[in-house]
Amino acid sequence: MKETKLTQELPISKQESKLYMSYISVAFIALLIGGLMGLLQVFVRSGKFTLPFGIDYYQVLTVHGVILGLVLTTYFIIGFHFSLMGKTVGISLKQRRVAWVAFWIMVMGTIMTATTILLGEASVLYTFYAPLRAHPAFYIGLALVIIGSWIAGFVNWSQLAVWKKAHRGEKSPLLAFMVTINTLLWFIASLGVAVAVLVQFIPWSLGYAETINVLLSRTLFWYFGHPLVYFWLLPAYMAWYAIIPKIIGGKIFSDSLARLSFVLFLFFSIPVGFHHQLTEPGIDSTWKFIQVVLTFMVIIPSLMTAFSLFATFETTGRRKGGKGLFGWFKKLPWKDVRFLAPFIGMLAFIPGGAGGIINASHQMNAVVHNTIWVTGHFHLTVATTVMLTFFGISYWLIPHLRGRKLTPKLNRLGIIQAIIWTVGMAIMSGAMHIEGLLGGPRRSSFSEYGGGEQVHAWIGYQMAQAIGGTILFIGIILMVFIFIKLTFFAPKGEEDFPIASEEEDAEPTPPWFENWKLWIGITVVLILAAYSVPVMDIIQHSPVGSAPFDWPIGR
């Protein structure tokens with residue numbers, strides 16, 4: 001078969017660059033703030049440090065979770081989405097103006113939410129579980145962030161629609177297809193948390209409702225909370241599938257396989273939230289079983305991705321002269337941080353994925369459910385796999401948007417940063433996993449629990465977390481420094497926007513991949529099958545709702 005040209009690249013104007021950089025800049029500000037909060041957390045949990053000025057541990061914990069889990073990721077992903085769409089299908093002046101509206105709505109919501117947390121009025125943690133009650137501005141701010149992100153997603157859909165109208169009968173560019181899948185996933189999933197916030201939390205926090213249905217609120221949160229992980233992860237997959245091959249001098253293994261994996265992620269990442277509620281009473285075990293089975297289905301596109309990526313690596317390495325069983329491995333560009341950082345992220349996803357299988361398994365989940373094992377898993381998948389890939393993206397995207405160059409010195413500094421991050425995360429996450437197996441709790445400040453014998457087994461691992469967290473914070477400072485250098489001080493020049501425009505010999509991509517009504521329809525059917533009956537049961541048969549607990553308790 002002949003090589004297939006996949007993407008026609010478009011220039012990015014200064015006005016577009018300003019838009020994309022605005023989103024990405026907020027993400028790096030969030031990285032610094034959230035990282036500092038994380039450092040304070042591990043210090044407190046070591047038992048050797050007390051927060052000054054009357055700052056509460058749970059206030060710090062909430063900032064860390066919300067800023068890094070929601071603000072950093074969402075802003076970076078939207079900025080990355082816009083850059084990919086602008087490069088492959090273009091963006092009009094009107095679309096750009098609407099994207100700015102989305103940005104400022106999100107900023108307004110972020111400021112409202114952050115202010116309530118910093119004032120001590122919303123120490124309800126990242127999951128904001130009822131019946132803990134925050135100030136109404138916290139929930140209104142969250143709603144604004146979600147609304148702004150929806151507007152950004154609508155712009156992405158509009159960009160693809162305009163392109164398809166001008167290119168009738170052509171398949172959409174691969175990266176535009178991937179962005180559309182991820183924005184669909186985000187929109188469908190965030191409907192759950194939007195309903196919880198608008199219908200339950202805001203009226204309750206304003207005093208219009210005396211009680212809240214706790215089980216329903218948690219169910220709506222995890223309807224959103226698990227696919228949120230894939231909203232974070234799929235942009236990393238975009239880079240792995242369509243950016244990394246260009247960086248290493250190769251081609252995409254299969255355009256069709258890449259599209260199919262994204263479609264499967266759309267199907268199986270949303271109707272699975274009950275595997276976060278396996279210990280939750282009030283949900284019939286049959287529905288938990290169904291959603292656990294659907295959870296395991298996501299292993300299929302994950303393995304497809306692993307196969308595709310390493311096939312690309314091997315094919316490219318052998319084309320460059322690699323001999324023997326692993327000779328191709330030596331031909332990969334290990335001294336290029338644009339490849340090295342995402343590659344380490346790929347490797348981290350192997351133990352991260354294995355931990356996810358444990359978390360989703362009913363019997364094994366009972367062992368680790370409310371332990372710091374779960375926090376360690378979270379830091380392996382999101383804070384290692386996703387963040388190292390985002391850093392790898394930043395090394396070419398930021399200089400491209402700013403008209404600057406990634407110098408050899410900054411490249412070396414980036415490699416050092418990736419190694420520091422990996423070492424710090426390995427120490428901290430590893431200690432969290434082991435302490436979790438020993439029963440160490442999550443979501444809690446330091447406590448000696450009355451001098452219990454089991455607690456003594458945790459102390460060494462809590463100190464290891466403080467050491468790993470300190471190393472990680474050094475990595476954060478270094479990454480923020482590199483971001484500032486690439487944004488303002490790196491030499492002027494042109495940095496490539498490395499989109500792989502060819503695939504290996506393969507059959508043409510089937511046209512039915514463009515059948516969006518089919519993909520959305522199947523997704524809706526799966527969600528209704530997994531959620532309609534249990535949600536109706538929760539609404540009809542739940543106990544009397546809970547009165548609020550304001551923070552601090554008893555205020």
Side-chain angles (χ1 to χ4, degrees), residues 23-24 27-28 31 68-70 72-85 174-186 189 226-248 252-253 257-259 261-266 268-269 298-299 301-310 312-313 336-353 355-356 377-398 414 417-418 421-422 425 429 479 497-500:
Y23 280 97
I24 293 170
F28 276 91
L31 174 66
L68 293 186
L70 295 176
L72 183 158
T73 51
T74 305
Y75 278 87
F76 188 92
I77 289 168
I78 292 176
F80 185 46
H81 278 177
F82 273 129
S83 70
L84 295 178
M85 296 298 283
L174 176 59
L175 284 167
F177 179 91
M178 290 173 162
V179 169
T180 303
I181 288 285
N182 203 33
T183 50
L184 273 172
L185 185 154
W186 170 258
H226 186 75
L228 173 64
V229 174
Y230 289 94
F231 175 69
W232 298 330
L233 188 61
L234 290 189
Y237 276 45
M238 296 175 200
W240 296 356
Y241 269 116
I243 303 295
I244 295 298
K246 179 66 176 291
I247 289 173
I248 68 174
I252 294 174
F253 178 73
L257 186 148
R259 292 174 194 257
S261 70
F262 267 64
V263 170
L264 293 178
F265 277 122
L266 177 64
F268 298 119
S269 63
V298 85
I299 296 172
S302 296
L303 292 177
M304 289 167 59
T305 300
F307 169 78
S308 176
L309 292 173
F310 279 86
T312 298
F313 296 157
D336 187 340
V337 69
R338 301 174 304 164
F339 167 74
L340 179 65
F343 184 84
I344 297 173
M346 296 176 200
L347 294 182
F349 200 58
I350 297 172
H377 166 75
F378 195 73
H379 282 83
L380 255 189
T381 51
V382 179
T384 308
T385 296
V386 172
M387 286 312 303
L388 280 175
T389 303
F390 285 3
F391 293 161
I393 291 167
S394 300
Y395 288 116
W396 57 262
L397 180 57
I398 293 170
Q417 192 277 338
W421 189 274
T422 303
M425 194 62 74
S429 177
M479 189 65 226
F497 196 117
I499 297 177

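Residue indices begin at 1 and follow the sequence shown. Keep in mind that the numbers below use all heavy atoms, side chains included, and drop hydrogens, waters and symmetry copies.
- A pairwise comparison of heavy atoms in Ala258 and Met178 identifies CB-CE, 3.8 Å as the closest pair.
- In this structure, Ala383 and Met425 approach most closely via the heavy-atom pair CB-CE, 3.4 Å.
- Atom CZ of Phe265 and atom OG of Ser302 lie 4.0 Å apart (nearest 0.5 Å).
- Note that OG1 of Thr422 and CG of Leu388 are 5.0 Å apart. Values are rounded to the nearest 0.5 Å.
- Residues Phe80 and Phe390 place their aromatic rings such that the two centres sit no closer than 6.0 Å.
- Here the side chains of Leu70 and Leu228 are in contact, with some heavy-atom distance below 4.5 Å.
- Rounding to the nearest 0.5 Å gives a distance of 9.0 Å between CD1 of Ile77 and CD1 of Ile393.
- Ile248 contributes atom CD1, which lies 11.5 Å from atom CZ of Arg338 (distance to the nearest 0.5 angstrom).
- Evaluation of the side-chain contact (heavy atoms from CB on, under 4.5 Å) rule for Pro342 yields Trp240, Ile244, Thr389 as partners, not counting sequence neighbours.
- Using a distance-only test at 3.5 Å, with no hydrogens or angles considered, no donor-acceptor pair links the side chain of Ser308 to the main chain of Met304.
- Shown here for Ser394 and Phe76, the closest heavy-atom pair between the two residues is OG-CE1, 3.5 Å.
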Stepwise side chain to side chain contact (heavy atoms under 4.5 Å, CB included) check, Ser83 with Leu397: CA-CA 8 Å; Ser83 70; Leu397 180 57; 3.9 Å; yes
Test side chain to side chain contact (heavy atoms under 4.5 Å, CB included) applied to Met387 and Leu72, step by step: CA-CA 10 Å; Met387 286 312 303; Leu72 183 158; 3.6 Å; yes
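- Closest approach of Phe28 to Ile398, counting heavy atoms only: CE1-CD1, 4.1 Å.
- When all heavy atoms of Phe262 and Ile181 are compared, the closest pair comes out as O-CG2, 3.5 Å.
- Nearest heavy atom pair, residue Ser269 against residue Leu185, reads OG-CD1, 3.1 Å.
- For the pair Leu257/Tyr241, a side-chain contact is recorded, criterion being any heavy-atom separation below 4.5 Å from C-beta on.
- By the 30° and 60° cut-offs, the orientation of the rings of Tyr23 relative to Phe82 is tilted.
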With a 3.5 Å cut-off and sequence neighbours excluded, list the donor-acceptor pairs that the side chains of residues 230-239 form with protein atoms.
from, atom 1, to, atom 2, distance (Å)
Trp232, NE1, Gly69, O, 3.2
Trp232, NE1, Thr73, OG1, 2.9

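- Between Thr305 and Phe349, the closest side-chain pair of non-hydrogen atoms is not below 4.5 Å.
- To the nearest 0.5 Å, atoms OG1 (Thr180) and CG (Leu175) are separated by 10.5 Å.
- Counting only distance, with no hydrogens or angles, the side chain of Thr385 and the backbone of Val382 share no donor-acceptor pair below 3.5 Å.
- Side-chain atoms of Phe177 and Val263, non-hydrogen and from C-beta on, do get closer than 4.5 Å to each other.
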Chi angles and distances behind the side chain to side chain contact (heavy atoms under 4.5 Å, CB included) call for Trp396, Lys246: CA-CA 12 Å; Trp396 57 262; Lys246 179 66 176 291; over 6 Å; no
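- Note that the CZ atom of Phe343 and the CD1 atom of Ile247 stand 13.5 Å from one another [nearest 0.5 Å].
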Test log, rule side chain to side chain contact (heavy atoms under 4.5 Å, CB included), inputs Trp186 and His81: CA-CA 12 Å; Trp186 170 258; His81 278 177; over 6 Å; no
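- Judged by distance alone, with hydrogens and angles left aside, the side-chain atoms of Thr384 form a donor-acceptor pair with the main-chain N or O of His379 at under 3.5 Å.
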